[in-house]
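Residue numbering restarts at 1 for every chain, and letters A, B, ... go by the order of the sequence lines.
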There are 2 protein chains.
Amino acid sequence: MEVSVSQENYLKAILKLERAEGIASNQAIAQNLESTPAAVTGMLRKLCDEGLVEYEAYQGAKLTQVGEQHALSTVRKHRLWEVFLVDKLSYRWDAVHDLAEELEHIGDEIFVDRLAAFLGHPLFDPHGDPIPDALGNIRERKDVVFSSEALAGMKFSVCGVSDSSDEFLRHLNRLGIELGSIYHAVERFDFDGSMEWTNDDGERVLVSSGVAEKILIQIHE
Amino acid sequence: MEVSVSQENYLKAILKLERAEGIASNQAIAQNLESTPAAVTGMLRKLCDEGLVEYEAYQGAKLTQVGEQHALSTVRKHRLWEVFLVDKLSYRWDAVHDLAEELEHIGDEIFVDRLAAFLGHPLFDPHGDPIPDALGNIRERKDVVFSSEALAGMKFSVCGVSDSSDEFLRHLNRLGIELGSIYHAVERFDFDGSMEWTNDDGERVLVSSGVAEKILIQIHE
DNA sequence: CTAAATTTTTAGTTTATCTAAAATATTTTT
DNA sequence: AAAAATATTTTAGATAAACTAAAAATTTAG
């Protein structure tokens, strides 16, 4: 059973929606893949026939065991390639998504496992997203909150973002914020929810509420 | 102008045939790609429209400058990925072709250049085939002959093969022959053209004429 | 200058996916 | 629980990219 590129993208979308909302509705899938509900129905039937998705008309979709493994393997490949591009080929974190999106559809499990080994079995990709292991287990991070939760005086490190779009990441580049950066929350300005942070070198950044709500942090003290 | 995977495979086949025979005949292309002459005609028209191939009905095909650059870039990617798979992911030389065949269609020039830099700008792939540089120049090797030319008493090193099929390479694995191996030609048996070689450890191999005709060597003395 | 070989044309076929609009089912509201 | 709103499916066909078989045309070789 060969799973096409398009089918793998469906599986990824369903995985994401299932984790977020318990079930993947037709409409949500269509939105995710910039397609239409009618097209989604057609593909769900096919994925169901192939045993990758559990699907009953009008009831939305869930991945089967096999489907979930396949989706996780694709996510694993995607994130490993992102690590490769950043660590080995010196790409910046805002320039790796599209390439990884192509590379994720190539090769078998052996290939991925060797790639993972070569990269030193990384646990997180360049955006801080966890990389599933060979069995599909995702090490969810503990004590991770959005930086908008940080209170004045707290020290924290940036460990992820909830938006990996090029535009957002480039904005963080301009602010000097990157994965692993350590800051103190100095003050929150109530009238617009923006925050001032400072690092150990005394540099200050002003972070708007919209940005703060997309940055994941671990609080140190 | 997007060049499809299938089109890239046509360009590669035409490049190969053009180098070998001056022009790529319809039939030869069809044979190479396991297709039919009628299908080839259709694709040549399209490639001609897109400016990748020079083509007049009944006259066979040649690559344009643009087409040749594109084909060389694909070959470059293919061979670089083979180096990656062998050097970094510990694949054996007989197990890399199919994966490289998939990877060669991904990414742009920047990506290839970074991959080449990461690998240390290798000049040859794991089968001894030369890797085109970023400008498409292929460093053809001097003083390379088929091992069937070696005379008794000559010392030589294996630097390539003219057949990269898994079967042939696995046969060489069984004989213990690999890229860089150094041998002396001990004797040629006239009745079947087979040869006996020996290396510095005193190990002997018997090489049939068919095999000897597919191994490229550089003579040392 | 034929005959043989090669190439092109013709006229679909295949596969995989998508779309618009109508019909149907489900959910929400009242 | 019926009506209204929302979501999903069906229908019917579109699209794209490549392929095929067989007939027609062209080129090449003897």
#### Entry: Cation-aromatic face contact B:Lys214/B:Phe168, 6.0 Å, 45 degrees
yes
NE2 of A:His127 to CG of A:Asp94, rounded to nearest 0.5 Å, is 7.5 Å
In whole angstroms, the gap separating C1' of D:dT10 from CG of A:Asn26 amounts to 13 Å
Establish, with yes or no, whether the OP1 or OP2 oxygen of D:dA18 is under 4.0 angstrom from a side-chain nitrogen or oxygen of B:Ser6. yes
Next on the checklist: For A:Phe191 and A:Phe189, take the angle between the two ring planes, folded into 0 to 90°, and tell me which bin it lands in: parallel under 30, tilted 30 to 60, perpendicular over 60.
Outcome noted: tilted
Hits for side-chain contact (heavy atoms from CB on, under 4.5 Å) against A:Asn137, two or more places apart or cross-chain, chain-then-number order -> A:Asp133, A:Leu135
Sorted by number, residues from residues 42-58 of chain A placing a heavy atom under 4.0 Å from DNA chain C are A:Met43, A:Lys46, A:Tyr58
| said: Under 6.0 Å from the ring centre and within 45 degrees of the ring axis: does the NZ or CZ of B:Lys88 meet both conditions for the six-membered ring of B:Phe118? | reply: yes
**Side chain to side chain, A:Tyr10 and A:Leu47, heavy atoms closer than 4.5 Å** = yes
Ordered by number, residues from residues 30-39 of chain B within less than 4.0 Å of DNA chain C (heavy atoms) are B:Pro37, B:Ala38
Whole-Å distance, A:Gln7 CD to C:dT17 C1', equals 10 Å
Open item on the list: Check the phosphate of C:dC18 against A:Tyr10, side-chain N and O only, distance under 4.0 Å to OP1 or OP2. Yes or no?
Closed with: yes
In whole angstroms, the gap separating P of C:dT17 from CD of A:Glu8 amounts to 11 Å
Rounded to whole Å, CD of A:Gln27 lies from P of C:dT26 at a distance of 16 Å
Q. Is it true that the side chains of B:His78 and B:Glu82 contain a donor and an acceptor less than 3.5 Å apart?
A. yes
Taken to the nearest whole Å, CD1/B:Ile29 to C1'/C:dT6 is 13 Å
Atom CD of B:Glu2 and atom P of D:dA18 are separated, to the nearest Å, by 12 Å
To the nearest 0.5 Å, atom CZ of A:Arg174 lies from atom CG of A:Leu169 at 11.0 Å
How far apart are the C-alpha atoms of A:Trp93 and A:Asp125, what are their side-chain angles, what is the distance that settles it, and do they pass the side chain to side chain donor-acceptor pair (under 3.5 Å) test? CA-CA 9 Å; A:Trp93 69 344; A:Asp125 79 9; over 6 Å; no
